[in-house]
Amino acid sequence: MNFARSLSPVLITLALSVSALAEDTLTFRYNDAEVTKTGRVIANAESGVILETPDNMMWPILADDLIASKQDATEFAPLDKKQLTEKLLAELPPGFEVHETAHYLICFNTSKAYAYWCGSLYERLYRGFVNYWKQRGVNLVEPTQPMVAVIFDNKQNYAAYGKEELGDAAGSIIGYYSMHTNRVAMYDLTGVDAARAQGSSQRDIARINSILARPEAAYLVATIVHEATHQIAYNCGLQVRLADNPVWVSEGLAIYFETPDLSSSRGWRGIGEVNRIRLPQAKRLVQRPGGQLIASLLVDDDQFRKAETALDAYALAWALNYYLLKRYPDAYANYLKHLSERRPLHDPPREERLAEFQRFITSDLDAFEADFRKVIAGLR
Ligand SMILES: [Zn+2]
C-alpha cells in the first residue's frame, strides 16, 4: 500500500504552506492519471490547493486528488523567455515555430505571415487595453512571463490539441483562452495553405488582413480578440486567474474590447464601440417588460453555460459593461480593483455579489435598472 495515500488528504494540504521561497513537489490525480509537478502552491484551502508551475500553468487540485507532497528550500523561479520557448517547442507537435513579439510568444505551424498578423493584432490590442485602463486610473502591471498563443494550421489539429480541456466542444469553438495553461489556442482562419504561403512580407500580411477584413469574417476575428482580451486581463492584474470572477464581468469586458480594428497599424479604435453583433439581442431583452435583469445577471453564472440562455446572458453582460463604462467609469473601476484583490479558493458567498454591487455602483438598483434599460434601448 502506498504510504502517502493512506494519509488523510486534508493533513497533506495543511502541511503545505504558501511561501515564495520554497518549491513544492506534488503528486496528484489529474484527468485519471497520476502526475508529479514541481512549482509553488499559490492558494491553499480545506477543499484543495492550486499549484503554479514555472511554465505559468495553474493546477487546481482537490484535496481528495492530492496523493503526496513535499516542500524544499529551492526558490521558485518562473521560466524565462528562452526556457519557455524551448518547453513549448518540446511539448507541441513537430513542425511548430515560435514568433516572438514584445509581450507574446506566438507558436505556429501555419504560415509565418499569419503568425505575424496575429502578433501585430495582439500587441495593438495589448497597448489599447493598457492605455484604456490607465486613462481611467487603473494602472495594470506587465505580465510576469510572455503570453503564449498557439496557432494551428487547421481545425483538425487544433481540435485534437483542445480535446483534453474542452472535450468534443473544441471542434465547434474557433479559439479559447485557458486559465489552466494561460494560453490562447486557435487555428488559421484564412484557410490559406501554409506550404504555399511561407512569406512574412508586408504584402503577405496585408493579404491576410484583407481576407479577414471581409464582413463575413468579423465574427471570427472578434472571437480571436475576445479570447486575447481574457488573456491580457488575467496577465496584467485586472483579473485574477481562478479567483471568483463574476462571469458577467469577465465576459462583458471581453466583448467590450472585441470590436476588431483591422484598419490601423498602430492604435485600436474599436474599444468601447457599440457591439453590432450583441446589440440587437441586448435591445430585445431590455425592452421586454418585467423581471430583474441585473440582479439575475450578477448572481447567476450558470446562464452563461446553458445553451438556451447563453446568447442572452452574453448580450446583457456586454450591455451592462458598456453602460457602466460610459455612465459609471470611476465606480466601476473601483469595483474592478476590489475584485482584483480576491484570491483563488476564497470565494465569497454568491449572495454577497448584490451587496457589493450596491456598495460600489449604486444603492438604488431599481432606478439603475430603469436607466440602464432606457439607455440600451436607445442605442443606435
Ligand atoms: Zn469569453
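Note that the numbering runs from 1 along the sequence shown for the chain. No experiment lies behind these values; they were computed from the predicted model shown. What's counted below: heavy atoms across the whole structure, side chains too, no hydrogens, waters or symmetry copies. Counting starts at 1 for both ligands and their atoms, following the listed order.
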Peer 1: Taking side chain to side chain contact (heavy atoms under 4.5 Å, CB included) as the test, write out the residues that go with Pro143, two or more places apart.
Peer 2: His103, Tyr126, Met147, Asn235, Cys236
Peer 1: Please table the atom pairs, donor to acceptor, closer than 3.5 Å between any side-chain atom in residues 286-294 and protein atoms at least two apart or in another chain.
Peer 2:
none

Peer 1: With a 4.0 Å cut-off on N to O distance, would you call Arg40 and Glu23 a salt bridge?
Peer 2: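 Looking at Arg40 and Glu23, the cut-off is not met.
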Peer 1: Below 2.8 Å, any N, O or S contact between Glu227 and the Zn ion (ligand 1)?
Peer 2: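 Not a single backbone or side-chain N, O or S atom of Glu227 is under 2.8 Å from the Zn ion (ligand 1).
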Peer 1: Looking at His230, which of its N, O or S atoms is the nearest one to the Zn ion (ligand 1)?
Peer 2: NE2
Peer 1: Just to the nearest 10 degrees, tell me the angle at the Zn ion (ligand 1) spanned by Glu251 OE1 and His226 NE2.
Peer 2: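 The two atoms subtend 90° at the Zn ion (ligand 1).
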Peer 1: Checking salt bridge (Lys or Arg N to Asp or Glu O under 4.0 Å) against Arg353, which of Asp244, Asp347, Asp300 comes through?
Peer 2: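 Only match with Arg353 under salt bridge (Lys or Arg N to Asp or Glu O under 4.0 Å): Asp244.
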